[in-house]
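A short worksheet on the structure shown next.
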Amino acid sequence: MNLAARAAGVVVSPGATYADVSDHPRLWQALLLLLILMGAIQGMFLSTTVGKDALFDQQIQGMESFGMTVTPEIYEAMERNSGRAPVMGVVGQTVGLTVGALLVAGFLLGIFTAIMDGAATFTQVFAVVVHSGFILALQQLFGAPLNYVRGELGGASALGVFVPGVDQASLPGRLAWSIDLFIIWWLINLAIGVGVLYNRRSGPIATSFVLSYLVIAVIVSVIRSGSGA
């Protein structure tokens with residue numbers, strides 16, 4: 001399968017696609033394409049006034065959530081640097097995605113190869129993780145226009161979008177906004193790739209991935225409700 005067929009196959013036919021990825025990893029081409037696609041989407045969004053304002057607001061909220069006092073001097077400095085938002089956003093995303101993929105691949109290798117005596121190499125596992133990232137690229141493509149309309153940087157595919165009546169400050173509200181439906185799809189898709197790579201049933205793997213994600217979402221929501229953040 002060529003690179004374009006793999007990118008599409010991850011979405012429409014993951015089993016057959018991951019079988020090809022396992023036999024012929026070719027991960028660097030996929031990683032480059034993934035970073036270009038997601039970088040382009042992110043860069044275009046942050047190039048707009050809406051995107052810059054959304055990033056600025058998120059940065060302010062993040063600083064305040066850590067107990068920092070945003071002084072007028074800090075505020076003015078951030079405003080002056082807002083023109084660099086597209087570059088900073090793309091660079092940050094590129095580094096974050098690459099490091100994140102390496103960490104996920106290392107974790108999966110440790111579990112399935114080292115502990116469960118699987119035979120896959122790091123290159124094969126990393127290739128599966130990288131190719132699963134095309135689901136995240138689709139998430140960004142789906143979310144960018146919605147975020148533009150909403151004037152926010154993320155959350156377009158969160159469960160909270162589909163339950164608008166819930167109070168966002170309540171525990172159910174925080175939980176709904178902590179669960180992203182595309183992330184669940186990505187975890188299931190990744191589980192299919194891991195199952196194909198290690199010749200194991202994908203269902204139990206997907207269940208463990210999704211349950212772990214939901215448990216983390218519950219813990220984070222409870223902590224945020226307790227702190228009032």
Check your understanding: How are the rings of F45 and Y148 set relative to one another: parallel (under 30°), tilted (30 to 60°) or perpendicular (over 60°)?
Key -> perpendicular

Study note, to complete from the structure: In this structure, CZ of R26 is separated from CG of N2 (nearest 0.5 Å) by 8.5 Å

Exercise for review: Check whether V91 and L35 end up in the same hydrophobic cluster, where Ile, Leu, Val, Met, Phe, Trp and Tyr are linked by side-chain heavy atoms less than 4.5 Å apart.
Suggested key: no

**Study point:** Any L159 side-chain heavy atom under 4.5 Å of D180 side chain
**Key:** no

Point to revise | Which atom of S47 lies closest to which atom of G43, heavy atoms considered | key: OG-O, 2.6 Å

Check your understanding: Do Q139 and I183 have side-chain heavy atoms sitting under 4.5 Å apart?
Key -> yes

Review point. With a 4.5 Å heavy-atom cut-off, do V104 and L190 have their side chains touching?
Key: yes

**Study point:** Check: T17 and V12 side chains under 4.5 Å, non-hydrogen atoms
**Key:** no

Practice item. Determine the minimum heavy-atom distance between T123 and P25, stating which atoms define it. Key: CG2-CB, 3.9 Å

Review point. Are the side chains of N147 and L153 in touch, meaning some heavy atoms are under 4.5 Å apart?
Key: no

Revision key, fill the gap. Distance col, row L31:CG vs I36:CD1, nearest 0.5 angstrom, shows 9.5 Å

Practice item. Look at the rings of F122 and F126 and say which category their plane angle falls in: under 30° parallel, 30 to 60° tilted, over 60° perpendicular. Key: parallel

**Study point:** Pairwise distance CG(L103) to OG1(T98) - rounded to 0.5 angstrom
**Key:** 11.0 Å

Check your understanding: Where is the tightest heavy-atom contact between I192 and S202, given as atom of each residue plus distance?
Key -> CA-OG, 3.4 Å

Practice item. Would you kindly confirm whether V11 and L181 end up in one hydrophobic cluster when ILVMFWY residues are joined by side chain heavy atoms under 4.5 Å apart? Key: yes

Exercise for review: To the nearest 0.5 Å, tell me how far I111 CD1 sits from I115 CD1.
Suggested key: 4.0 Å

Review point. Where is the tightest heavy-atom contact between V161 and G155, given as atom of each residue plus distance?
Key: CG2-O, 3.3 Å

Check your understanding: Taking atom CG of L37 and atom CG of L141, what is their separation to the nearest 0.5 Å?
Key -> 9.0 Å

Practice item. Go through the steps to decide whether Q140 and L136 satisfy the test side chain to side chain contact (heavy atoms under 4.5 Å, CB included), and finish with yes or no. Key: CA-CA 6 Å; Q140 201 165 26; L136 301 180; over 6 Å; no

Revision key, fill the gap. So CG of L3 and CZ of R6: to nearest 0.5 Å the spacing works out to 7.5 Å

Practice item. Taking the side chain as every heavy atom from C-beta outward, state whether F112 and V125 have any pair of such atoms under 4.5 Å apart. Key: no

Exercise for review: Consider only side-chain N and O atoms of Y18 and S132, and report whether a donor and an acceptor are under 3.5 Å apart.
Suggested key: no

Check your understanding: Would you say the side chain of M1 lies within less than 4.5 Å of the side chain of H24, judging by non-hydrogen atoms?
Key -> no

Practice item. Measure across W186 and G133 and return the closest heavy-atom pair with its distance rounded to 0.1 Å. Key: NE1-N, 4.3 Å

Check your understanding: After noting the C-alpha distance and the side-chain angles of V194 and R200, does the key distance pass the side chain to side chain contact (heavy atoms under 4.5 Å, CB included) rule?
Key -> CA-CA 8 Å; V194 172; R200 294 176 178 271; over 6 Å; no

Exercise for review: Taking atom CG of D23 as the centre, report whether more than 12 heavy atoms of other residues, nucleotides or ligands fall under 6.0 Å from it.
Suggested key: yes

Review point. Same hydrophobic cluster for L102 and L187, using side-chain heavy-atom links shorter than 4.5 Å among ILVMFWY?
Key: yes

Check your understanding: Do you know the tightest heavy-atom contact between A30 and F134?
Key -> O-CZ, 3.8 Å

Review point. Same hydrophobic cluster for L97 and L55, using side-chain heavy-atom links shorter than 4.5 Å among ILVMFWY?
Key: no

Review point. L33 versus W28: any side-chain heavy-atom pair under 4.5 Å?
Key: no

Review point. What about L46 and V90, same hydrophobic cluster or not, with Ile/Leu/Val/Met/Phe/Trp/Tyr joined at side-chain heavy-atom distances under 4.5 Å?
Key: no

**Study point:** Short side-chain to backbone donor-acceptor contact, R174 and A217, under 3.5 Å
**Key:** no

